[in-house]
Trainee: 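Provided herewith is a single structure, encoded as structure tokens, for subsequent inquiry.
Being a predicted model, the structure only gives us computed values, none of them experimental. Labels below follow one simple rule: chain letters A, B, ... track the order of the sequence lines, proteins then strands, and each chain is numbered from 1.
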Amino acid sequence: NAGVTQTPKFRILKIGQSMTLQCTQDMNHNYMYWYRQDPGMGLKLIYYSVGAGITDKGEVPNGYNVSRSTTEDFPLRLELAAPSQTSVYFCASSVTGELFFGEGSRLTVL
Amino acid sequence: RKEVEQDPGPFNVPEGATVAFNCTYSNSASQSFFWYRQDCRKEPKLLMSVYSSGNEDGRFTAQLNRASQYISLLIRDSKLSDSATYLCVVRNAGNMLTFGGGTRLMVKP
């Protein structure tokens, strides 16, 4: 049972570098989300998607981009990494309201 | 005012104690409510949904008060394994799910 799979699990970036966090789900869920969680804090919504071809900004979208070309995949791109983007990133999918999360991607920007 | 607010704690309780957390939300049009549990350095996992009539799952009871715009989680007979962060989640129109900051619970022997 794969569920929601995120890669990479860990990454260290230099300021100004770019990278893509990959997220894929095999549950045929229409809704997918990217959250970030800073230490000791709750989750903040970056972007979400209600289906292939449709994406919307969440609470903290600046510095990120997403695409949703298929139901399964929802990659998150950081174009110019900044220290403020050091965080744990969670991808999730849902169909009825219950969120299924990936294991998280820990990103450090130095 | 934050859309979903929780007391961050920590709540330090002995084994066997009963503990309750509240969560307030600001959007009166919110549609669904959930409690998630998050262990240290792990992803959140659904603990229980919160229904209008209140619901119980073993030692856990969740209640919703729409008039006062809060939900609650009651844990009876606390176990060491209940130590975690409990996240309140509110679903609004368009399936937008907003998290509270979480309440940390530490159950001690």
Side-chain angles (χ1 to χ4, degrees), chain A residues 1-7 9-10 21 23 25 27 29-51 54-61 68 71 74 86-108, chain B residues 1-11 21-27 30-52 55 57 62 64 71 73 84-106:
Chain A
N1 294 337
V4 179
T5 303
Q6 289 182 236
T7 57
K9 286 187 168 45
F10 303 92
L21 299 177
C23 176
Q25 53 98 3
M27 296 174 283
H29 288 170
N30 283 331
Y31 296 92
M32 294 189 75
Y33 310 81
W34 274 106
Y35 289 91
R36 61 175 285 173
Q37 186 176 33
D38 299 328
M41 306 293 285
L43 280 74
K44 293 185 178 179
L45 182 64
I46 305 171
Y47 270 95
Y48 68 104
S49 169
V50 301
I54 306 169
T55 62
D56 278 298
K57 295 178 181 179
E59 182 185 357
V60 290
R68 185 92 183 273
T71 299
F74 191 41
T86 293
S87 192
V88 179
Y89 292 83
F90 288 104
C91 178
S93 71
S94 78
V95 62
T96 60
E98 177 182 356
L99 287 167
F100 295 84
F101 285 90
E103 292 183 336
S105 299
R106 297 180 187 282
L107 177 65
T108 302
Chain B
R1 181 183 175 187
K2 290 183 181 177
E3 190 169 342
V4 182
E5 290 199 81
Q6 296 182 249
D7 181 342
F11 285 63
F21 312 134
N22 279 344
C23 165
T24 58
Y25 60 95
S26 61
N27 186 347
S30 296
Q31 299 173 343
S32 306
F33 308 88
F34 309 87
W35 283 104
Y36 277 71
R37 171 191 168 129
Q38 185 175 27
D39 293 301
C40 189
R41 301 177 73 83
K42 296 285 191 180
E43 73 274 22
K45 292 185 179 177
L46 180 67
L47 177 66
M48 57 197 305
S49 302
V50 186
Y51 303 123
S52 298
N55 48 301
D57 183 3
L64 167 64
I71 67 172
L73 178 67
T85 297
Y86 292 84
L87 300 163
C88 169
V89 182
V90 174
R91 184 171 73 93
N92 296 318
N95 220 28
M96 284 275 290
L97 291 144
T98 302
F99 283 74
T103 297
R104 190 173 168 207
L105 171 66
M106 298 183 68

Trainee: What part of B/R41 gets within 4.5 angstrom of chain A, counting heavy atoms only: side chain, backbone, both, or neither?
Mentor: both
Trainee: Please check if atom CD in A/E103 has more than 12 non-hydrogen atoms from other residues, nucleotides or ligands closer than 6.0 Å.
Mentor: no
Trainee: Heavy-atom pairs under 4.5 Å with chain A: which of B/K45, B/Q38, B/Q6, B/K42 has the most?
Mentor: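 So the answer, after comparing B/K45, B/Q38, B/Q6, B/K42, is B/Q38.
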Trainee: Can you say whether A/E59 sits under 4.5 Å from chain B via the side chain, the backbone, both, or neither, judging by heavy atoms?
Mentor: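 Neither part; nothing is under 4.5 Å.
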Trainee: Using a 6.0 Å cut-off, check whether atom CZ of B/R104 has over 12 heavy atoms from anything other than its own residue.
Mentor: no
Trainee: Does CE belonging to A/M27 count more than 12 external heavy atoms closer than 6.0 Å?
Mentor: yes
Trainee: Hey, which of A/P39, A/G104, A/G42 has the most heavy atom pairs under 4.5 Å with chain B?
Mentor: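 Counting heavy-atom pairs under 4.5 Å, the top option is A/G42.
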Trainee: Which residues from residues 86-94 of chain A are near chain B, with near meaning under 4.5 Å between non-hydrogen atoms?
Mentor: A/F90, A/S94
Trainee: Can you tell me how far CG of B/L87 sits from CD of A/Q37, rounded to the nearest 0.5 angstrom?
Mentor: 7.0 Å
Trainee: Are B/P44 and A/L43 packed together at the side-chain level, in the sense that at least one heavy-atom pair is separated by less than 4.5 angstrom?
Mentor: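 Yes, side chains in contact.
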Trainee: Could you tell me which portion of A/L45 (side chain, backbone, both or neither) has an atom closer than 4.5 angstrom to a non-hydrogen atom of chain B?
Mentor: side chain
Trainee: Let me see the working for B/Y36 and A/L99 under side chain to side chain contact (heavy atoms under 4.5 Å, CB included), right down to the final yes or no.
Mentor: CA-CA 9 Å; B/Y36 277 71; A/L99 287 167; 3.3 Å; yes
Trainee: Check B/L97 against A/Y35 and note the closest heavy-atom contact, atom names and distance.
Mentor: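 Distance-wise, the nearest heavy atoms are O-OH, 2.8 Å.
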